[in-house]
Amino acid sequence: MEITKTTYDTLPGQIDYLIQEVLEIKDILMARIEKPEEIPKFMNKEQALKYIRKQGYEISSSKFYKMSAADSIPCHRSGRKLYFFAEELDGWIKQQFETKSQTILNFKSQSIKQIIKSNKNKNYEKE
């Protein structure tokens, strides 16, 4: 449907057009909900790295491989191959975000304490 200026006479047609568009969008969204992305039960290194990044945790591939080798990230070995489980990675990611936020809070509180101390020292120097 081409875009035309809406008048009182064309309003019902415009409303019908909008309803049709909304229904099409709804159908697309419902199809995506019904078919969520398939997450494999066992993930290899590349799949696990992609999964971690998709969850919002940015990590370089070299750091990921080093952490896997050091068992800093939950993984399972079968011979020389590594396998990862999505549930374990989700828990690890959550822990990483909690650790980072706690570190930021500690840093902020330490910074505030240092500012107060430095201001107290300046006040003593003035007297």
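When a residue number appears, it is its place in the shown sequence, counting from 1.
Scored by the side chain to side chain donor-acceptor pair (under 3.5 Å) test, Asn44 finds no partners at all (sequence neighbours excluded). Under the side chain to side chain donor-acceptor pair (under 3.5 Å) criterion, Asp9 pairs with no residue, sequence neighbours left out.
In this structure, Leu23 CG and Ile28 CD1 are separated by 11.5 Å, a value rounded to the nearest 0.5 Å. Interatomic distance, Ile25 CD1 to Gln20 CD, rounded to the nearest 0.5 Å: 10.5 Å. How far OH of Tyr83 is from CD of Gln47: 10.5 Å, rounded to the nearest 0.5 Å. The distance from the CG atom of Asp90 to the CD atom of Glu88 is 10.0 Å, given to the nearest 0.5 Å. Here the NZ-CD1 distance, from Lys66 to Ile73, works out to 14.5 Å after rounding to the nearest 0.5 Å.
Partner Phe84 forms a ring pair (Phe, Tyr, Trp, His ring centres under 6.0 Å) with one of Phe42, Trp92, Phe64, Tyr51 and no other, that one being Phe64.
Residues Val22 and Met30 are members of separate hydrophobic clusters, defined by side-chain heavy-atom contacts under 4.5 angstrom among Ile, Leu, Val, Met, Phe, Trp and Tyr.
Side-chain contact between Pro74 and Phe85 is absent, with no heavy atoms from C-beta onward closer than 4.5 Å. Taking the side chain as every heavy atom from C-beta outward, Asp71 and Arg77 approach each other to under 4.5 Å. You'll find the side chain of Glu98 reaches within 4.5 Å of the side chain of Lys94, heavy atoms only. The closest side-chain heavy-atom distance from Leu18 to Gln14 is not below 4.5 Å.
The shortest heavy-atom contact between Leu89 and Ala48 is CD1-CB, 3.9 Å. Across all their heavy atoms, Ser68 and Cys75 have their closest contact at O-SG, 3.8 Å.
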Side-chain donor-acceptor pairs of residues 55-63 under 3.5 Å, sequence neighbours excluded:
| unit_1 | atom_1 | unit_2 | atom_2 | d |
| --- | --- | --- | --- | --- |
| Ser60 | OG | Ser62 | OG | 3.4 |
| Ser60 | OG | Lys63 | N | 3.1 |

